[in-house]
Amino acid sequence: MKKIFYRRLEADNNRKKLLQDEFKKFLYSGNYLPGKMLRKFEQSIAKKVGKKYCIGVSSGTTAIYLSLIALGIKKNDEIICPAISWIATANAIKMTGATPIFADVERNRNISIESVKKLITSRTKAILTVHFTGLLSPINELKKLAKSKNIFLVEDTAQAFGTFQKKKMAGSFSDISTFSFNPMKVLQGYGEAGAVLTNSKNISTKLKKLRDLGLQTNNREICDFISLNYKMDELHAYFLLINLKYYKDDIKKRKKLIKSYQKHLNGIVKNCEYNLKVSNGYDYQILVNNRDKLMRYLQKKGIETRLKHPLLMSEQPIYKKQKKLRRLPNAEYIARHSISLPLHNYLKDQNISFISKCIKNFYKHEKKR
C-alpha cells in the first residue's frame, strides 16, 4: 500500500534544476553574507504585498517578535491574539514582556471581532490577527476597530502569502505584518526564513538594527541598543526568488485540490467549508465527529493527517494559569473536532477520491455500530 503523505516538500524536477543553478551562482559569487540578493528579495516581496519596506529576518517567529519590539511593545502591555495558532504567535508576544490575551475564533478558525471587543482594556496596545490556514481574517473590521481604539494592528501572515481580497494581499492591511518562508509555506524556502513589512521608514530602520545586534546601518561598528543576530541568510534569498515565480501556480493547484475535497465531502463530515476566494489554500481542515478514531482509521489506510492544533495556545501549561483566561467555546470545539487532510503538489484527483471514500466508509460503518 502506497502511503499518502500529509505534506511532500521536495521540489519537482524542473524546479530542482533551477535551484541547483542558483546554488552554483551563490557558491561562485563568494558573497555568502546578507547582501545584494537579500535586498532584491526584500524589494520583490514589498512590491508583491504592497508595502514600502520589507526586512528579511531569520524566521516567522522572529518576525513577530521584532515587529512588536519595533512598535514599542513592552512589559505589562497586552496584545490580543486568537486562541488558535501555532505557539510561536503567543511566545513571540511573551518574549517582549507583554501578555497575550486570547480571543475566541469564528467557525472558520479566524479571530472573532466580538470576542476582541470584550478583551480591549487600557493596557491593550495591539491586536495581532492570524490568517489561519491561509484564510483572510476579518481584516477590514479589525482595522476599523484598532483605529477607533488607537491601538496597533499586526498581521501574522505566516500562512497567507498570496491571499487576496479585492486586489489587496494579506499583509498589506495593517500597521506592520509578518511572514514565514519555511518549507511548509506556500512561498516555500528550504530552511527557516521570515520577513517584516511596514510603510514606516522609521520602523524599517529600527527593524534593520534589531535584526543586526542593534548596530547602525551605516556604521556596523557602533551599537545603538542591545539586540541579537536575526538576519536572513543570502542563500535563502536566492531560493525564494526562484519560488516567487511559482507561487501563483502552486496556489491554483492547492485550491483545485480543496475544491475536489469539498465536492466529495459535502454532507459527509460536520463541516468542510473553506472560502477559496479569500485564501491561498495553505492548509485544508475539516470538522468531524470521532476525530481521533478517524485519524487512526485513515492511518491504517496509509493516509497521513495532522492536528492543528490539539491544544489551544491558552491551554498550553505555560499560559493556562494566566489571568483573564475565559471560556472560548468556538476555539475549544474546533480543537476537539478539526483535522488537516493531505495537501501538496504531488496529490492527484484519484488520491482525493480515495481519501474521501475512506472518510465516507468510516462514518458509514460508525452508523452501523
Side-chain angles (χ1 to χ4, degrees), residues 22-23 25-75 77 79 88 91-98 125-126 128 152 154-158 171-172 174-182 187 189-242 244:
E22 288 302 297
F23 185 60
K25 289 179 188 177
F26 168 75
L27 282 180
Y28 291 130
S29 74
N31 299 313
Y32 305 141
L33 297 173
K36 181 176 71 174
M37 293 305 287
L38 177 56
R39 288 191 293 273
K40 183 178 178 181
F41 172 73
E42 290 171 334
Q43 290 165 3
S44 298
I45 294 298
K47 186 177 180 180
K48 289 283 184 187
V49 175
K51 286 284 191 182
K52 290 182 180 178
Y53 307 101
C54 171
I55 299 88
V57 295
S58 55
S59 72
T61 309
T62 297
I64 302 171
Y65 169 67
L66 295 183
S67 71
L68 297 176
I69 294 292
L71 291 175
I73 303 303
K74 58 187 183 303
K75 188 176 179 181
D77 289 343
I79 310 294
N91 285 0
I93 294 170
K94 195 68 175 175
M95 283 294 290
T96 68
K125 294 298 184 289
L128 197 168
F152 294 114
V154 181
E155 288 175 87
D156 178 349
T157 326
S172 68
S174 55
D175 297 294
I176 200 164
S177 57
T178 68
F179 288 82
S180 170
F181 306 113
N182 76 25
L187 180 52
Y190 300 94
E192 292 291 349
V196 184
L197 277 77
T198 179
N199 283 331
S200 167
K201 186 175 182 180
N202 289 337
I203 289 177
S204 170
T205 300
K206 188 173 182 180
L207 283 162
K208 287 176 181 176
K209 292 182 182 181
L210 281 166
R211 73 174 177 183
D212 191 19
L213 301 163
L215 300 174
Q216 292 183 359
T217 53
N218 294 328
N219 186 349
R220 294 187 70 254
E221 294 299 327
I222 299 177
C223 183
D224 286 342
F225 50 78
I226 296 171
S227 190
L228 297 176
N229 180 2
Y230 301 108
K231 296 191 295 296
M232 178 177 152
D233 291 330
E234 185 83 343
L235 179 58
H236 287 317
Y238 275 85
F239 289 160
L240 283 163
L241 281 166
I242 289 294
L244 193 57

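Note that these values count all heavy atoms, side chains included, but never hydrogens, waters or copies made by symmetry. Fair warning: this is a prediction, and the values are worked out from it, not measured in the lab.
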**Prompt:** Can you say whether the rings of Phe23 and Phe239 are parallel (under 30°), tilted (30 to 60°) or perpendicular (over 60°)?
**Reply:**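 Ring orientation of Phe23 relative to Phe239: tilted.
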
Out of curiosity, [X] [atom1] to [Y] [atom2], how far, rounded to the nearest 0.5 Å?
{"X": "Ile45", "Y": "Leu240", "atom1": "CD1", "atom2": "CG", "result": "7.0 Å"}
{"X": "Asp156", "Y": "Thr178", "atom1": "CG", "atom2": "OG1", "result": "4.5 Å"}
{"X": "Lys209", "Y": "Thr205", "atom1": "NZ", "atom2": "OG1", "result": "7.5 Å"}
{"X": "Ile69", "Y": "Tyr230", "atom1": "CD1", "atom2": "OH", "result": "8.0 Å"}
{"X": "Glu42", "Y": "Leu197", "atom1": "CD", "atom2": "CG", "result": "9.0 Å"}
{"X": "Leu244", "Y": "Lys47", "atom1": "CG", "atom2": "NZ", "result": "11.0 Å"}

Look at the side chain of [X] and the backbone N and O of [Y], then say whether any donor-acceptor pair between them is shorter than 3.5 Å.
{"X": "Glu234", "Y": "Gly35", "result": "yes"}
{"X": "Ser227", "Y": "Leu210", "result": "yes"}
{"X": "Ser204", "Y": "Ser200", "result": "no"}

**Prompt:** Can Glu155 and Ser177 be counted as having a side-chain donor-acceptor contact under 3.5 angstrom?
**Reply:** no

**Asked** Just checking, any donor-acceptor pair under 3.5 angstrom between side chains of Ser59 and Thr62?
**Response**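 Thr62 and Ser59 do have a side-chain donor-acceptor pair below 3.5 Å.
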
**Message:** Quick check on side chain to side chain contact (heavy atoms under 4.5 Å, CB included): which of Ile79, Ile93, Ile176 does Val154 satisfy it with?
**Reply:**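 The residue from Ile79, Ile93, Ile176 that satisfies side chain to side chain contact (heavy atoms under 4.5 Å, CB included) with Val154 turns out to be Ile176.
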
[X] versus [Y], closest heavy-atom pair with distance:
{"X": "Ser67", "Y": "Ile64", "result": "OG-O, 2.7 Å"}
{"X": "Phe179", "Y": "Gly171", "result": "CZ-CA, 3.9 Å"}
{"X": "Ala195", "Y": "Phe181", "result": "CB-CE1, 3.7 Å"}
{"X": "Ala237", "Y": "Phe41", "result": "CB-CB, 3.9 Å"}
{"X": "Glu192", "Y": "His236", "result": "O-NE2, 3.1 Å"}

Report yes if the side chains of [X] and [Y] come closer than 4.5 Å at any heavy-atom pair, otherwise no.
{"X": "Thr61", "Y": "Asn91", "result": "no"}
{"X": "Arg211", "Y": "Leu66", "result": "yes"}
{"X": "Val196", "Y": "Cys54", "result": "no"}
{"X": "Thr198", "Y": "Asp175", "result": "no"}
{"X": "Leu38", "Y": "Met232", "result": "yes"}
{"X": "Leu68", "Y": "Asp77", "result": "no"}
{"X": "Tyr32", "Y": "Leu235", "result": "no"}
{"X": "Val57", "Y": "Lys231", "result": "no"}

**Message:** Does Ile226, at its CD1 atom, have more than 12 non-hydrogen atoms belonging to other residues, nucleotides or ligands within less than 6.0 Å?
**Reply:** no

**Request:** Begin with the C-alpha distance, continue with both residues' side-chain angles, and end with the deciding distance and a verdict on side-chain contact (heavy atoms from CB on, under 4.5 Å) for Asp212 and Arg220.
**Result:** CA-CA 9 Å; Asp212 191 19; Arg220 294 187 70 254; 2.7 Å; yes

